There are 2 protein chains.
Amino acid sequence: MPVTVVGSIAFDAVKTPFGEREKMLGGAAVHFALAASFFDEVRVVGPVGDDFGEEQLDVLRRRGVDVSDVEHVAGGETFFWSGVYGWDLNSRDTLETRLGVFEQFEPKLSEQARESDVLFLANIRPDIQRAVREQCTGARWAALDSMNLWIDIERDSLVQTIASVDCLILNDAELKQLTGKPNFVRAAREVLSWGPPGPSAIIAKQGEYGAALITAEGYFSLPAFPLEDVVDPTGAGDTFAGGVVGYLAAHAGQAPDEEMLRRAMAYGTALASFNVEEFGTERVERLTGEEISARVAELERLTHFSDSPVSLRG
Amino acid sequence: MPVTVVGSIAFDAVKTPFGEREKMLGGAAVHFALAASFFDEVRVVGPVGDDFGEEQLDVLRRRGVDVSDVEHVAGGETFFWSGVYGWDLNSRDTLETRLGVFEQFEPKLSEQARESDVLFLANIRPDIQRAVREQCTGARWAALDSMNLWIDIERDSLVQTIASVDCLILNDAELKQLTGKPNFVRAAREVLSWGPPGPSAIIAKQGEYGAALITAEGYFSLPAFPLEDVVDPTGAGDTFAGGVVGYLAAHAGQAPDEEMLRRAMAYGTALASFNVEEFGTERVERLTGEEISARVAELERLTHFSDSPVSLRG
């Protein structure tokens, strides 16, 4: 069933130890949409400026993404981010962020975008996320991502927005920051306790280590897919979210149970692992369904063990 | 089959946000021995000073550990470490390290200790590890842990020592430091390529995130057991190693294959999760075999997913 995503549509300038790009297509909504497009129809909501053209829209269109809610702001500049990564890609410094057309963005969704069954609020200002959530009256299931900036300067608004979704997808460090709990499992349980209404599933992203799922009933942990060559981690989290939410959208006839969420995370993990193999959207643009399926199957083999009884002393 | 371990036997002073201990039993060899003692007979090799008494030896003896190679150095002081952990336990500062009796330590192993089938060289100066490796002519399988300090100041000696063991157990950041590779999978493959002789299995410890196994043929990744209350991470890595190596020792009739190494890691992970629930050795001292088995079974449930075919677009 269709997915609507709101979030940044951007140009990124990225430098890693393995190369650089001066201006490439990026943004949370773009990475999310490309990943989710493997599962279902995706409708992207967000503003772009005069510097954003058919070439960029075609990247999304080629994956069947509906771009009719991409709003062109005449005279405006597309959101721009530039950053540089450290030697092992575990640290990054933002060099510049230019909000551009996002500064004045007031989402006005088309009827189609409002009626999607599944909604993803990618990382943007929490009040924009909430405005979109309120317009999407047709959404039966919604998830949200955010970042440390909004916890710092807009925490109340963010908490209010979190209460309006079914699933929170956040870095583990940000979960700790959001709740003041020193442990991400405890932090996730804290967020679960805020409801209802509020999320019934928390997905803690752990960067290169993988992700964990915390629900009222259960816990699941999935390592990242092992790669010897990571070129650019930009967009990995949004690609992961696109895989997770896309998978769930494709199965939205059923309410997502623990087993389905686990499988969704496997698809998100596989997709994210492709994303980081090249710069920006380069790898995912030419990805195939067969490649994704093969990597999910491989991930299952790489994480499987079966206990066999051992006699323990004492 | 019996395991010999050489490494620090220590007193630790630890402060975490959840409490502190001024002088508690610690040291890599101690944590390792307590964990491995659930699987097989363990012989501890290392020096202690006048401040180390029957009370401490009894902690090991109660778990059936053979302490006849614990060498009392008259007039000496036991190795002492003190450290303080940050709010979420992910950072720690060493306040003081007093080598004490380790400064002059020259290992002289008893015949029994030399004839163990399995050997673990816990983190100490690489030349001491090598001296022990050379004495243990009976060891059919040996593993080694080390730390950033020795990579900084004794890298050549460490590399030489690594070549004498079958399995290297090291933090992922240290694997990257050791090899200069920015990615731990690539770093592990680099170490595998140094042989033969040399390790055929690399276990990358990832702290609160778990551990990964890299062999010539395969890869396995296992998340940490989720805990809401972690009190003191000191000794977690050595307890993990004790579980891994202990499990393998108990099955030393067979050469450890990939499946066995995976299971061994599950036991190591379960044991480490108990270790961090309380200070120092407090929790593992009163641990039971049933508790370990239950946690391994739980870990299997928490990490399991099974793919189910999904139709992918494109």
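Here the structure is a predicted model, which means the values were calculated and not measured. All chains are named by letter (A, B, ...) in the order of the sequence lines, taking the proteins before the strands, and each is independently numbered beginning at 1.
- Heavy-atom distances place no part of Phe225(A) under 4.5 Å from chain B, backbone and side chain included.
- Here the closest non-hydrogen pair linking Met265(A) and Val244(A) is CA-CG2, 3.9 Å.
- Tested against Tyr85(B) for a side-chain contact (heavy atoms from CB on, under 4.5 Å), the candidates Asp93(B), Val231(B), Thr234(B) yield a single pass: Thr234(B).
- Thr281(A) contributes no side-chain N or O that, together with a main-chain N or O of Val284(A), makes up a donor-acceptor pair within less than 3.5 Å.
- In this structure, chain A has a heavy atom under 4.5 Å from the side chain of Tyr209(B), while its backbone stays farther away.
- Most heavy-atom pairs under 4.5 Å with chain A, from the set Leu222(B), Asp307(B), Leu299(B), Ile292(B): that is Asp307(B).
- Contact residues of residues 58-66 of chain A toward chain B are Arg63(A), Gly64(A) (heavy-atom distance under 4.5 Å).
- Classified by interplanar angle (parallel below 30°, tilted 30° to 60°, perpendicular above 60°), the ring pair Tyr219(B)/Phe184(B) is tilted.
- No donor-acceptor distance shorter than 3.5 angstrom exists from the side chain of Glu41(B) to the backbone of Pro2(B), with no hydrogens or angles considered.
- Options Ala224(A), Ala266(A), Ser311(A), Ser308(A) differ in how many heavy-atom pairs under 4.5 Å they form with chain B, and the most are formed by Ser308(A).
- With a 4.5 Å cut-off on non-hydrogen atoms, Asn183(A) touches chain B through its side chain but not through its backbone.
- Using the six-membered ring where Trp is involved, Phe220(A) and Phe305(B) have ring planes that are perpendicular, over 60° apart on the 30 and 60° scheme.
- Arg43(A) and Thr4(A) are not linked by any side-chain donor-acceptor pair at a separation below 3.5 angstrom, with hydrogens and angles left out of the test.
- Using bins of under 30°, 30° to 60° and over 60° for the plane-to-plane angle, the ring pair Phe120(A)/Phe32(A) lands in the parallel bin.
- Ion pair Glu190(A)/Arg186(A) not flagged as a salt bridge, since none of the NZ, NE, NH1 or NH2 atoms sits closer than 4.0 Å to an Asp/Glu carboxylate oxygen.
- Heavy atoms of Ser37(B) lying under 4.5 Å from chain A belong exclusively to its backbone.
- Taking chain A as the reference chain and counting heavy-atom pairs below 4.5 Å, the highest number among Lys181(B), Glu259(B), Arg262(B) is found for Arg262(B).
- Of the two parts of Glu208(B), only the side chain, counted from C-beta on, holds a non-hydrogen atom closer than 4.5 Å to a non-hydrogen atom of chain A.
- With a 4.5 angstrom heavy-atom cutoff, Ser306(B) touches chain A via backbone and side-chain atoms both.
- A donor-acceptor contact closer than 3.5 angstrom is absent between the side chains of Gln206(A) and Asn171(A).
- For the set Val230(A), Leu227(A), Leu89(A), the entry with the most heavy-atom pairs within less than 4.5 Å of chain B is Leu227(A).
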